[in-house]
2 protein chains.
Amino acid sequence: MCAVLCLCGTLLRMSTPQGARARARTEVTAAIKDEARRQLAAEGAAKLSLRAVARELGMVSSALYRYFPSRDELLTALIIDAYDSLGEAAEAAYAKVSGESPARQWVAVCEAVREWALARPHEYALIYGSPVPGYSAPSTTVPAAARVGLLLIGIVRDAYQDKGVAQWKLPAELRPEARRMAEDLAPDLPPEVVVVLIGAWAQLFGLVNFEVFGQFNRVVEDRGAFFRHAAGQLAHHVGLVYPRSGAKER
Amino acid sequence: MCAVLCLCGTLLRMSTPQGARARARTEVTAAIKDEARRQLAAEGAAKLSLRAVARELGMVSSALYRYFPSRDELLTALIIDAYDSLGEAAEAAYAKVSGESPARQWVAVCEAVREWALARPHEYALIYGSPVPGYSAPSTTVPAAARVGLLLIGIVRDAYQDKGVAQWKLPAELRPEARRMAEDLAPDLPPEVVVVLIGAWAQLFGLVNFEVFGQFNRVVEDRGAFFRHAAGQLAHHVGLVYPRSGAKER
DNA sequence: CACAAACAAGAGCACTGCTCTTGCTTTGGA
DNA sequence: TCCAAAGCAAGAGCAGTGCTCTTGTTTGTG
């Protein structure tokens, strides 16, 4: 029954002036998430406390359980929001450079991801660090989590001309898997490209991880320049030519 | 106390004939870390409880504070151990293939890292996931953390012949930083190679992260083959030629 | 209007990290 | 050899946590 009402609330939230009660519920829910995000940014996910959130909001801790059935559910909600926020940031960056070359688009999206992560390290840790509640994220998060990946695939798809991309013939053991992945993700791209794309996707977040989590601390100083260069190499690696920078050789 | 006393009684391992007291201390310290590692593997870092460790060891929680001044200190100790364990695994894998081609050495080390991580996901999360105690790891962990990176650098150094490696001229903005990094890490390698090496290092852990933390869940199925291929590409990217697999072009 | 659902509040449980005090045991130097 | 100092285990206790259950109150709707 709760689910039904919740669904009604979410479906009609924007247009119809629902009962004051439903409106209050979404407002309180948002307030809880905002305060939780504040504590998250201040102290990290480990020290996020339901009681502290409730205290800060002037309510009693047990009242909060009417909005989120457990601390982990609150965290899951924050995770989805974080994925969406990152996806929006990436898409906004893409929109700004949609006229430029594919390689520039790629690098712009990568840099947007990096900047989002550096601005909200704790939210980033929530989604690309170790899974907090112990188990992996529930399937609710999947669509939100896929946004950045799909955006990168889209860039390559739009730029793809079927020449000069697949530097590597796939080893035999990987060929069926590559066909499967390509079918699922981008049927219009050759499997070689999809494989390299998935790798680049993971490697991009490897770079961001190391920077956000401090692994570059006494190693790389000018991390902006380093990341720009690495993202450009990734672009090249997935088959996008990067004009007028560096000077590619061959 | 049973467990502790038994352990004290059984093995007197080290060479130094310390006083019985000092020996007991190191034994108890090891027992605590072992039990903590067990709980870590079972439940994850978030649910590692000093009281539970003490309980399992038959001692009282306050007694444990004589060995580790806080929970975070225990975690730090586990972090250092994990770095060392990973480093040892990587070096062991390297030793086994030290006669083969550099690219094979590279891939072998990468696969050792991956296998270590998949076997101990929670310990891996401790060192390459989000930093748990809130702040980043203290500088005590630095030498242990560097082992895998230094091993990879060593492979490239040993294999380096100064031709055919630097595909990319560095952009001007990165050149001073690249010189600095090369000076610190591998003065005998050209800056272009060092830059690409650091990037490959981070990207390797990006691949492992995505697999261990479940980001590949509905995306990549045959992750072993995928990782092998991606590691081979990284080897190629840092300038190591990968013989008789895939079929390199050029 | 009346009723059932939604809600706030409080008490309470079992747990956590951590501190302080109380005694006992081991150790190293006089 | 003896004795103070240091190391140690144990217990009580504090403040905090996630979560549950019960008790009343508010509110939208049949």
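Note that the structure is a prediction, hence the values are computed from the model and not measured.
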What is the minimum heavy-atom distance between B:I127 and B:Y83, and which atoms define it?
O-OH, 3.3 Å

Take atom CD of A:E43 and atom P of D:dG16, then tell me their distance rounded to the nearest Å.
14 Å

How many whole angstroms separate atom CZ of A:F68 from atom C1' of C:dA6?
16 Å

Between B:R23 (CZ) and D:dG7 (P), how many Å, whole number?
18 Å

Just jot down the side-chain contact (heavy atoms from CB on, under 4.5 Å) partners of A:A77, sequence neighbours excluded, or say none.
A:K33, A:F68

Test of understanding: with side-chain contact (heavy atoms from CB on, under 4.5 Å), list the residues that count as partners of B:A186, not counting sequence neighbours.
B:I153, B:R157, B:D188, B:L189, B:V194

Check: D:dG7 base within 3.5 Å donor-acceptor of B:R25 side chain:
no

Describe the nucleic acid contact of A:L64 in one word from base, sugar-phosphate, nothing, applying a heavy-atom distance below 4.0 Å.
nothing

When rounded to the nearest 0.5 Å, the distance separating CD of B:E91 from CG of B:D84 is 9.0 Å

By salt bridge (Lys or Arg N to Asp or Glu O under 4.0 Å), A:D222 pairs with (sequence neighbours left out) none

Check: protein-nucleotides 21-26 of chain D nitrogen or oxygen pairs below 3.5 Å:
residue : atom : partner : partner atom : Å
D:dT26  : O2   : A:R21   : NH2          : 3.4

Could you tell me which residues satisfy salt bridge (Lys or Arg N to Asp or Glu O under 4.0 Å) with B:R25, sequence neighbours excluded, listed by chain and number?
none

Given C:dA8, is OP1 or OP2 found less than 4.0 Å from the side-chain N or O atoms of A:Y67?
yes

Expressed in angstrom and rounded to an integer, what is the separation of B:Q39 atom CD from C:dC15 atom P?
14 Å

Donor-acceptor pair under 3.5 Å, B:R51 side chain vs C:dG17 base:
yes

Those residues that, when tested against B:E183, pass salt bridge (Lys or Arg N to Asp or Glu O under 4.0 Å) (two or more places apart)
none

Tell me: CG of A:L74 to C1' of D:dC19, nearest whole Å?
14 Å

In chain order, what residues pass the side-chain contact (heavy atoms from CB on, under 4.5 Å) check against A:E221, with sequence neighbours excluded?
B:E177, B:R180

Between C1' of C:dG17 and CG of B:L75, the distance in whole Å
12 Å

Across all chains, not counting sequence neighbours, the side-chain contact (heavy atoms from CB on, under 4.5 Å) partners of B:A42 are none

So, with a heavy-atom separation below 4.0 Å from DNA chain D, the residues of residues 54-61 of chain A are A:R55, A:S61

note: B:L50, atom CG; C:dC15, atom P; distance rounded to Å ~ 16 Å

For A:K47 and D:dG16, give me the distance from atom NZ to atom P, rounded to whole Å.
13 Å

